[in-house]
Amino acid sequence: MKIRPLPGPVNELLNQVGASPRLVAHLALTHELALCIVQRLAEQWPGLEYDRQAVLFGAATHDIGKTCCPEELTGPGKRHERVGEELLLRAGFRPEDARFARTHGQCCRESPLEDLLVALADTAWKGKRDNALEDALVERISRASGEEPWRVYLVLDDLIMALGHEADARLDWQRQHPV
Ligand SMILES: [Fe+2]
């Protein structure tokens, strides 16, 4: 199982705010999935325009608010979303990068492609499917690339299936890290 390191500035911030090993592991997994997703999109639609760095940053930081809401690391809750955005803004990150902490759990058809891709990374790592999210992505990518929606769906479906093959190993690996 390949898990590339989180970007340096993100690692520094996670240290500063005392992020737990479980949270760091989860962010590393989501970031790895985002790397796989942007790489596959680049192979399939090299002209597709979106901010790849923003997607990677968003995946690497989306749950950072859970450092202030530790109960949401193991249970449900949305308080970490707003708290995470505020934490990133206070640390000096740009609003357009900090927003993913707030948007990753509330994507809809109107969401920008970057936000949908962060939500996909945060869903696909554990082998979960989200039809509404996938429909929004098909529509968005089809519009931006000029590819027929059914062709976009086939590529996305293959990608999400492939990413799901290691879901159990990822869940085990994440669980080994203390909360
Ligand atoms: Fe997450």
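Counting convention: from 1, in listed order, for ligands and their atoms alike.
- Take Lys128 and apply the salt bridge (Lys or Arg N to Asp or Glu O under 4.0 Å) test, not counting sequence neighbours, and it matches no residue.
- The Fe ion (ligand 1) lies at the vertex of an angle of 90° between the OD1 atom of Asp122 and the NE2 atom of His26 (rounded to 10°).
- Looking only at its N/O/S atoms, Asp63 has OD2 as the one nearest to the Fe ion (ligand 1).
- Side-chain atoms of Arg22 do not come within 3.5 Å of backbone N or O of Leu73 as any donor-acceptor pair.
- The nearest N, O or S atom of His104 is not closer to the Fe ion (ligand 1) than 2.8 Å.
- By the 4.0 Å N-to-carboxylate-O rule, Asp168 lies too far from Lys126 to be salt-bridged with it.
- Remark: side-chain polar atoms of Arg140 are paired, donor with acceptor, to backbone N or O of Ser111 under 3.5 angstrom.
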